[in-house]
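Read the structure below first, then the notes.
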Amino acid sequence: MATSATPASTSSEPRIRWSGSGTATRVGEPDRGPTATGATLDRWPTDSSSRPRRTSSTGAADPSCPSGRGVFWFSGRLETSQEWDMSTDTTAAVPRRADGGADDAALPYRYGAPLAAEIERRWQDRWAAEGTFHAPNPSGPWADPAGIGGDKVYLLDMFPYPSGSGLHVGHPLGFIGTDVLGRYLRMTGHTVLHAMGFDAFGLPAEQYAVQTGTHPRTTTEDNIRRYKAQLRQLGLGHDERRSVATTDVEFYRWTQWIFLQIYNSWYDEAQQKARPIAELEAEYAAGTRPTPDERSWGELTSVEQRGVVDSHRLAYISEAPVNWCPGLGTVLANEEVTADGRSERGNFPVFRRSLKQWMMRITAYADRLVADLDRLDWPDSVKAMQRNWIGRSEGAQVRFPVAGVGTPIEVFTTRPDTLFGATYMVLAPEHPLVDAITPEAWPSDVDARWTGGAATPAEAVAAYRDAAARKSELDRQENREKTGVFTGAYATNPVNGQPIPVFVADYVLMGYGTGAIMAVPAQDQRDWDFATAFGLPIVRTVQPSEGWDGEAYTGDGPAINSANDEISLDGLGVGEAKRAITDWLSARGGGESVVQYKLRDWLFSRQRYWGEPFPIVWDADGMPVALPDDQLPVELPEIDDYSPKTYAPEAADTEPEPPLSRASEWVEVDLDLGAGPQHYRRETNTMPQWAGSCWYYLRYLDPENEERFVDPEVEQYWLGKDPARGPADPGGVDLYVGGVEHAVLHLLYARFWHKVLYDLGQVSSEEPFRRLFNQGYIQAFAYTDARGAYAPAEEVVESTAPDGTVGFTWNGQPVRREYGKMGKSLRNVVTPDEMCERYGADTFRLYEMSTGPMDVSRPWSTRDVVGSQRFLQRVWRNLVDERTGEARVTDAEPDVETLRALHRAIAGVHTDFAALHYNTAAAKLIELNNHLTKTYGSTGVPRSVAEPLVLMMAPLTPHVAEELWALLGHEGSLAHGPFPVADEQYLVAETVEYPIQVNGKVRSRIVVPADAGIATVEAAALAEEKVVGLLDGREPRKVIVVPGRLVNVVV
RNA sequence: GCCCCCGUAGCCCAACCGGCAGAGGCAGGCCCCUUAAAAGGGUCCCAGUGUGGGUUCGAAUCCCACCGGGGGCACCA
């Protein structure tokens, strides 16, 4: 039983060439690599023949791995691996019969779930024992100079949050997809880095802790273990040594360190980059940079000096309106608040409150974050969302003086060309100038509509502010009728000296621009609506296009009514007029051109327990002090009560109270931070969940490094800029796969951090993720009964009525089908565990990959999984005797038709794998196997066809492929190749059949030699019987010959 | 309201740069194997590409309009 029936020789068929390295390499002529097939592989350029051979893949187990501390990944399963002990028994590839009971006794080696389970577990153990997927580094503990080739590929999945409910079949779609690509690339000679970690801080573990008293770390670690077990059984080729969790103390130590890098930096606008804060202090001290109030640096007290410096930091404390969510007991980032003013998590109301919080100065990078999108290979939709979120717009800042008030009203406008049409102004209700400009009494001739019925302007404003504050975000959105009230004040339009009334209205938002606008009703619909409601004048300053019958005209056109004694815009187009008036304003000090962003600074503190503590303490002056590197990590203290103080969801006036503030022994510390021993209080907020995910991809590169967050040489190798991709290449992960839901949050924050690290010289790459791919989702059907309750989807029966309509019933009751997510509450969850048990991981992987291209969402259908199982069963049966478990391949020469089918498949799968079109790759393999079944089903398949088929299956169904490869007599794993390369001679047919179209309709066909020239084809087509008949003696007007395709005769 | 993506067989999906609409799977019909069963073997069937125009010798593919589905943004000055 130890060896297969057929000799363990390699193919005797010389026409297959292999790429990569491996036992079957035989080279008749120089290996041209996958590109020789005409495949479009520009993403993964390779010349695989020159690839250095990977040593750790085929040889003995990696000494650093088997049971030592390097493997903390599936450590719970290592006992099992000793049971099989595959690392020492390389000949035991013949499957042991599994006692599943489902197999027919006469066919003990039929490929089914029990056999698949046995094969899968055995190969997973062997891969782990041999370190098959360990990726080498250029330096450090895993340095392997021989394994470092030129063609490295860093594949990355968006790492999961290990939730308590485990994985359902939708979760691993992307993980399997990257694994297939990784396996393909490894087999074609690339050096692939693929690892998986866990984004493990966050609310659910904390909420569970609050409910049960279980420490969040316990829950988190249990969940991670469960995830790892679930992922392991899928056979993902990850380098398990590189797995990290954001909650590992050794990981968040570096999260804290990066925070300090950001804290200890400022943004130099002149150089457009972050610089160490010490350089700013030096500029102040040397007097080359003026202090805000023009005093000399020495005149400032040390607290004042620190205040000035702190105000420049990229991480800073700010007392500003933030999103306070009493229901969660924490503040939230703008990105975590939904459009209707509720928390993304928990759906609690969110209130704007002024609170002292940590902020990150992401706005300093707004311009670069927009501009560098052009350098990324990302989906357009994600780029568009980021552009939209950053909201860059160019315009002018214009000052409108108010009589009797020292400070003019500043507005931002994208349409300075329409200044002559500005007939009133609006301030946001919260605008700081409102009180200053509001006079004691109404002007004598005030319009009754403007006062809101109040006796004085102050009363009117107060009443309006009250009403505005009471309005929820939802009200504001649903009811867009323009409301507002006159402040009683007039400002002066700087271009024509006209006094224009100043209103307060909530359609102007304090959060954007300056919180004040000049209103130009003729060219802005919102202003038009307001002006009509309040009887304000409307002056057109852009000539609407011919036939315009709308209200506000926002299109292009010549300026009109736009002249004063010094300047005339009349006749100029919008663009020219903008430039002209901005120049005029700048010259007179009335304004200047500016760029405005919607992006706000990132609110970085949370009142939670289960997050990274800040490496910050507060001193006696109430100022923050950064801890030195040698004080890291700042570990989370053990506390009794993990809950932040939460409040009634509507209790807007409450104060956040972080759980850590109650750990007084931890909070109160005496430290010597250079100025002698002093008493400090620790910062008690924690970082938001996004912190760890901002840099985890860097830690995968070098997770055991205790000196640095990542070794520079290692970072350069895996992420560095690649000149071969052109001068604009920003570097970064070669392929990042995940759902589109992170389009602005995680992906924007991570880009920001990466750019800061780049500016500070800590990384060589300018962007974290060079290429991004959004996978689709696996959706599912759910079924509701008459009462609207969900029925278990598994038990719903589909039935076709006599009239052909399809219906669904559960327990005999009709149910209604819905399409959507998979989830416990919808009672339609299917888990990968169930699928592995019923069919095996290979079947499950193949099914997920064959139902459609990676980026398309599709419904899950358990019923269909059997199709993938049948395919594997057929391949197995073609290559293995189901009674003996021995290979039944032959050494016969394959016929030419088979060779053509084989090489067509080889050429096709290269293209498909590289393009992530796994569904079509699978189809080609099925097609090839169907051909083999037909041709050799009864006699046994020639080895020279069986081997490449097995190898091509390996990325999709690695376990069964490894098993077959071993049964065919190969000792080593096929994980590092070889991979077949198509032979051109079998891709071109000797003859070509041309369809003949007459006036675009196919009328006939001819067969000509493949190398026939256009003239020959044309002559043959025109001589064809039916064509002659159709022409009926007429001369064709035109004959189009598309080489290799068709002939079209136009009559 | 604005922007983006997608509509091909009963279902999931193929079709390279405009060139014969069909690769693959599911479901369905029939036949075979089997004591029986199917997660066995074989074979067959089904659409003319959401609708209407246009460009072209030729359109699933390019353009326009509309319909349907999904997503994003939403008083951003």
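In this structure, A/Lys1038 places its NZ atom 9 Å from C1' of B/U56, rounding to the nearest Å. As a whole-Å value, the separation of A/Gln523 CD from B/A77 C1' is 13 Å. The CE-P distance, from A/Met385 to B/G70, rounds to 17 Å in whole Å. In this structure, CG of A/Leu173 is placed 17 Å from P of B/C12, rounded to the nearest angstrom. Atom NZ in A/Lys821 sits about 12 Å away from atom C1' in B/G71, given to the nearest Å. Atom CE in A/Met854 sits roughly 18 Å away from atom P in B/C6 (whole-Å rounding). Following rounding to the nearest Å, A/Asp527 (CG) and B/A77 (C1') show an atom-to-atom distance of 7 Å. Put simply, CZ on A/Arg110 is 5 Å from C1' on B/G40, counting in whole angstrom units.
With both ends at atom C1', the span from B/G52 to B/A15 equals 25 Å, rounded to whole Å. B/A60 and B/C66 are spaced 23 Å apart, taking the P atom of each and rounding to whole Å. Taking the C1' atom of each, B/C73 and B/G10 are spaced 37 Å apart, rounded to whole Å. Between B/U35 and B/A23, the two P atoms lie 38 Å apart (nearest whole Å). With C1' as the reference atom, B/G19 and B/C2 are 39 Å apart, rounded to whole Å. Taking the C1' atoms as reference points, B/G54 lies 11 Å from B/A59, given to the whole Å. Remark: the separation of the P atoms in B/G70 and B/G24 is 32 Å, to the nearest Å. As rounded to the nearest Å, B/U49 and B/C30 have P atoms that lie 31 Å from one another.
Listed by chain and number, the residues in a side-chain hydrogen bond (donor to acceptor under 3.5 Å, both in side chains) with A/Thr414 amount to none (sequence neighbours excluded). With sequence neighbours left out, the ring pair (Phe, Tyr, Trp, His ring centres under 6.0 Å) criterion links A/Tyr597 to no other residue. The side-chain contact (heavy atoms from CB on, under 4.5 Å) test applied to A/Asp864 returns A/Tyr847, A/Ser861, not counting sequence neighbours. The side-chain contact (heavy atoms from CB on, under 4.5 Å) test applied to A/Ser850 returns A/Leu846, A/Ser868, A/Ala922, not counting sequence neighbours. Listed by chain and number, the residues in a side-chain contact (heavy atoms from CB on, under 4.5 Å) with A/Pro859 are A/Phe781, A/Tyr819 (sequence neighbours excluded).
Judged by closest nucleotide on RNA chain B, A/Asn388 is the one of A/Asn388 and A/Gly513 placed further toward the 5' end. Of the two residues near RNA chain B, A/Val1050 and A/Lys934, the one whose nearest nucleotide lies more 5' is A/Lys934.
In this structure, A/Lys482 forms a cation-pi arrangement with A/Tyr507, its terminal cationic atom sitting closer than 6.0 Å to the ring centre and no more than 45° off the ring axis.
Candidate nucleotides B/A77, B/A39, B/G40 were compared by shortest atom distance to the side chain of A/Phe412, and B/A77 ranks first. Here the side chain of A/Gln869 is nearest to one of B/G42, B/A14, B/A39, namely B/A39. When distances are taken from the side chain of A/Leu509 to each of B/C12, B/A77, B/G40, the shortest belongs to B/A77. Proximity note for A/Ala113 (side chain, C-beta onward) versus B/C13, B/A77, B/A39: the nearest is B/A39.
Using modelled atom types, one finds a donor on one side chain and an acceptor on the other under 3.5 Å when comparing A/Tyr464 with A/Asp506. Between the side chains of A/Arg858 and A/Thr851, at least one donor N or O lies within less than 3.5 Å of an accepting N or O. Checked by atom type, the side-chain pair A/Thr554/A/Gln525 shows no donor-acceptor distance below 3.5 Å.
Residue-level contact check: A/Val740 touches neither bases nor backbone, having no heavy atom under 4.0 Å from any strand. Counting non-hydrogen atoms under 4.0 angstrom, A/Lys482 reaches a base of the nucleic acid. Residue-level contact check: A/Ser381 touches neither bases nor backbone, having no heavy atom under 4.0 Å from any strand. At a threshold of 4.0 angstrom between heavy atoms, the contacts of A/Thr514 with the nucleic acid are absent.
Shown here, B/C62 forms a base pair with B/G54; the pair counts as Watson-Crick or G-U wobble because both key distances fall under 3.5 Å. Pair check for B/A23 finds none; no Watson-Crick or G-U wobble contact set falls under 3.5 Å. As the counterpart of B/G1, B/C73 is assigned, both hydrogen-bonding distances of the Watson-Crick or G-U wobble pattern falling under 3.5 Å.
The minimum heavy-atom distance linking A/Gly776 with A/Leu173 is given by the pair O-CD2, 3.3 Å.
Base orientation of B/C13: anti, the glycosidic angle falling outside 90° of 0.
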Cut-off 3.5 Å, no hydrogens considered: what does the side-chain donor-acceptor table look like for residues 382-391 of chain A, sequence neighbours left out?
from	atom 1	to	atom 2	distance (Å)
A/Lys383	NZ	A/Leu373	O	3.0
A/Lys383	NZ	A/Leu376	O	2.8
A/Gln386	OE1	A/Arg751	NH1	2.8
A/Gln386	NE2	A/Ala743	O	2.8
A/Arg387	NH2	A/Asp374	OD1	3.0
A/Asn388	OD1	A/Lys598	NZ	3.2
A/Trp389	NE1	A/Glu335	OE2	3.2

Base-contact (B) and sugar-phosphate-only (S) positions in nucleotides 25-31 of chain B, heavy-atom cut-off under 4.0 Å, - elsewhere | SSS----

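Residue A/Asn919 places none of its side-chain N or O atoms closer than 4.0 Å to OP1 or OP2 of B/C12.
Judged as a salt bridge (Lys or Arg N to Asp or Glu O under 4.0 Å), the pairs with a partner in residues 921-940 of chain A (not counting sequence neighbours) are, in order, A/Asp912-A/Lys924.
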For nucleotides 17-20 of chain B, give me every protein contact, N/O to N/O, under 3.5 Å, one pair per line with atom names.
from	atom 1	to	atom 2	distance (Å)
B/G19	N2	A/Asn1048	ND2	3.4
B/C20	O2	A/Arg1005	NH1	2.5
B/C20	O2	A/Arg1005	NH2	2.5
B/C20	N3	A/Arg1005	NH1	3.0

